[in-house]
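Encoded as structure tokens, the structure appears first; notes follow it.
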Number of protein chains: 2
Amino acid sequence: MATIHDVAKAAGVSNSTVSYVLSGKRSISAETRHRVEDAIKQLGYRPHAGARALASSRSSTLALVAPLRADVDVNVIMQFVTGVVTRARDHEMDVLLLTQDDPGGIERAANSSLADALIMMDIEAEDPRIPTLVELRRPAVLIGLPADARGLSVVDLDFEAAGRLAWQYLTGLGHRQIALIGPTPAVLGRHTSYANRLLDGYRGAAERDDRPTAVEPAEAGHAGGLAAIRRVLDRMPEVSAVVVHNEAALPGVLTGLRAAGHEIGTGISVLAICPADVAVQQAVPLTSIDIPAIRMGKIAVDLAMARIDGSDDPEIRLLVPQVTERDSTRALL
Amino acid sequence: MATIHDVAKAAGVSNSTVSYVLSGKRSISAETRHRVEDAIKQLGYRPHAGARALASSRSSTLALVAPLRADVDVNVIMQFVTGVVTRARDHEMDVLLLTQDDPGGIERAANSSLADALIMMDIEAEDPRIPTLVELRRPAVLIGLPADARGLSVVDLDFEAAGRLAWQYLTGLGHRQIALIGPTPAVLGRHTSYANRLLDGYRGAAERDDRPTAVEPAEAGHAGGLAAIRRVLDRMPEVSAVVVHNEAALPGVLTGLRAAGHEIGTGISVLAICPADVAVQQAVPLTSIDIPAIRMGKIAVDLAMARIDGSDDPEIRLLVPQVTERDSTRALL
DNA sequence: CTGAAAGCGCTAACAC
DNA sequence: GTGTTAGCGCTTTCAG
């Protein structure tokens, strides 16, 4: 591999000039710049990442902590990851992939200067990793709002508002008997941030309207969704609308509804809270409150970069939920 | 951050001794080792990854090239990734995540010494990236068998054998009218390695038995599966067994079968070719030929490490397919 | 069994 | 606008 010195020699300039051509940190005559750029191309030169990290104390790498084997929906995770990786490249950053269950992985990435910042997904309300993260004194961004962000940057959908919105949207259509099918008991048990906040918003709205509702968790998979919708129909036989906040259970819920003789949309309304593409791919295109996962991943990177550049203070960014109407909801006459 | 020098001072030894304690590359008296290890713990010392990479020309990082937004099933991708990341940690390696559509990403990772080896997924028969990969002269492993591996290591399920096995298993059960629903036309059009090889094996077996079959691609999603199974029922009204090699279309196929009045298992047999957990999560637990994605990811890492250590020659590892019986297939009387 | 010291390739003062 | 050079923190000869 060619080094910066080889390039310098080839272009007839000094090492530092090559370095500055690359970084743009001081002005270079058009003439010189050209010769250097030619030499770089000629030699296929790439700066050695390690050497650069050592000299500049910047690794140009972001560490992403992902829950690879979690009960969280893979689809959503992949979208976060996609958003993070693509936006990272816009900032000329690479992404180091860490898993949740790599003990000490976070410390390793931070303290060995492997990464300039950390992005962590699947945040619980009282996430035990947050104190660790804070102690590292490195820029960190959470995808998911914890109870106490402790001065870290956060991006998330405003799930509380989403819960409220779900209720209001359906009551606005005239529905009076509304149920909610939520995440798996495991997710709820872990007090995963988004799950609880959605529930709070939803229940709060129902209470303000002084109207009862049924809330059921659902296990993952077809069977889980099926069981959950059966319990709902049992507890609330006159139900006319159901909110589903569980991607993996969605197909089962729809099947169950059909099996019970309910036409989706015309009969019972279904409002999903999930990424748009998941909503679209179902048996019936579902009206949904979009979880803009790719966008959230991108924002996470932007927040991280802002912290790395030292310009910005930690920031909490909650995205406003919105309903996209498709074929699964209808106004009650 | 503490440096190796701080540790050396604290332990009253030289830099090199600390380094050797860490690497184990020369013998150290128990006494000294102990003092050094204490100092390391005391100071919370972590070697600077960049410095280490610079001095040793080893980054301890594997680059993983993943098709993040592809039409390939996310579930499967995540499993490969999981396998790669967990096994990488066993080798004390970290994983850099690159995307398919990051032009020059491969070159960057390799030539800037960001990664010691590359692992690439979603390989096409005539993959245009392979020549690039070969020119890099870095250890590289393909997850997916191309037409010509060009001296790179490869791990894959033996899809040709899987196609044959699918046919033989079903004919073994007495089925005579068998159809296959394959990947999306896009995947087939790209000549994705696994798609074509499965088809070859399957068709070859059918021809040897001198029996006709119907092959239909399916678009992703519920609608895609539904449409595909309808076409199959149209072309082959007496069909008694269908092979499905398309995770995303699976739910639609099952729904379509039901809608046409066929009970799955007792009526029409369904054999899926997909990861085990996908097969299990369907409306009916499906008999399947497992795609052991996690295991393949792990093997990919092992192959990469073997190349890095310089000990082994490139190796092509094809895994033997096996049928796991669940509830969706039955012998024809 | 241990130390001294020469780089690894780059960045960023500091000089001019 | 450009060159010189002192590190960055580690690994690894070479010496003893």
Side-chain angles (χ1 to χ4, degrees), chain A residues 1-37 39-40 43-61 92 94 108-116 308, chain B residues 1-37 39-40 43-61 92 94 108-116 308:
Chain A
M1 293 288 84
T3 72
I4 199 172
H5 187 67
D6 301 328
V7 176
K9 254 193 325 195
V13 299
S14 72
N15 286 8
S16 58
T17 299
V18 177
S19 177
Y20 284 120
V21 166
L22 251 20
S23 70
K25 286 190 183 173
R26 78 183 186 190
S27 42
I28 307 275
S29 72
E31 154 72 14
T32 308
R33 146 167 297 117
H34 210 79
R35 284 215 314 284
V36 170
E37 281 168 349
I40 289 179
L43 296 169
Y45 166 72
R46 303 259 182 185
H48 187 290
R52 181 171 259 184
L54 180 56
S56 67
S57 37
R58 288 281 226 105
S59 64
S60 295
T61 296
E92 308 207 303
D94 273 298
R108 185 164 35 85
N111 292 335
S112 68
S113 303
L114 259 176
D116 297 328
I308 290 176
Chain B
M1 294 287 83
T3 73
I4 199 172
H5 189 66
D6 300 328
V7 176
K9 256 192 324 195
V13 299
S14 71
N15 286 8
S16 57
T17 297
V18 177
S19 177
Y20 284 119
V21 165
L22 250 21
S23 69
K25 286 189 184 174
R26 78 182 184 191
S27 42
I28 306 275
S29 72
E31 155 71 16
T32 309
R33 146 167 298 118
H34 210 80
R35 284 217 311 285
V36 171
E37 281 168 349
I40 289 179
L43 297 170
Y45 167 71
R46 304 257 181 186
H48 186 290
R52 181 170 260 185
L54 180 56
S56 67
S57 37
R58 287 282 226 104
S59 65
S60 294
T61 295
E92 309 208 303
D94 274 297
R108 185 163 34 85
N111 292 335
S112 67
S113 302
L114 257 178
D116 298 327
I308 290 176

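Proteins get letters first, then strands, A, B, ... in listed order; numbering begins at 1 in each. Keep in mind that this is a model prediction, so the values were computed, not measured.
- Contacts of residues 3-21 of chain B with DNA chain C (heavy atom under 4.0 Å): B/G12, B/V13, B/S14, B/S16, B/T17.
- Within residues 27-35 of chain B, the residues that place at least one heavy atom under 4.0 Å from DNA chain C are, in residue-number order, B/S27, B/I28, B/S29, B/T32.
- When every heavy atom of B/L54 is checked against every heavy atom of A/A51, the shortest pair comes out as CD1-CB, 3.7 Å.
- Taking a heavy-atom distance under 4.0 Å as the criterion, the stretch of DNA chain D touched by chain B extends 5' to 3' from D/dG9 to D/dC14.
- Scanning DNA chain C 5' to 3' for nucleotides with an atom closer than 4.0 angstrom to a non-hydrogen atom of chain A gives a first and last hit of C/dG9 to C/dC14.
- A distance of 12.0 Å separates CD1 in B/I4 from CG in B/L43, rounded to the nearest 0.5 Å.
- The residue among B/R26 and B/R46 whose nearest nucleotide of DNA chain D lies closer to the 5′ end is B/R46.
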*Are B/T32 and B/S29 close enough, and set up right, to give a side-chain hydrogen bond (donor to acceptor under 3.5 Å, both in side chains), and what steps lead you there?*
CA-CA 5 Å; B/T32 309; B/S29 72; 2.7 Å; yes
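- Atoms OG and CD1, on A/S60 and A/I308 in that order, are 8.5 Å from each other to the nearest 0.5 Å.
- Closest approach of B/V36 to B/V7, counting heavy atoms only: O-CG1, 4.2 Å.
- Residue pairs meeting the salt bridge (charged side-chain N to carboxylate O under 4.0 Å, His left out) criterion with at least one member in residues 23-36 of chain B, sequence neighbours excluded: B/E31-B/R35, B/R33-B/E37.
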Side-chain donor/acceptor pairs under 3.5 Å, residues 108-115 of chain B, sequence neighbours excluded:
unit_1, atom_1, unit_2, atom_2, d
B/R108, NH1, A/D94, OD1, 2.7
B/R108, NH1, A/D94, OD2, 2.4
B/R108, NH2, B/D102, OD2, 2.5
B/S112, OG, B/R108, O, 2.5

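- Taking CD1 of A/I28 as the reference point, atom OG of A/S23 lies at 8.0 Å (rounded to 0.5 Å).
- B/D6 contributes atom CG, which lies 9.5 Å from atom CG of B/N15 (distance to the nearest 0.5 angstrom).
- A donor-acceptor pair under 3.5 Å is absent between the side-chain atoms of B/S16 and the main chain of B/S14, judged by distance alone.
- The nearest pair of heavy atoms linking A/A53 to A/S59 is CB-CA, 4.1 Å.
- Judged purely by atom type and a 3.5 angstrom limit, A/S56 uses its side chain to pair as donor or acceptor with the backbone of A/R52.
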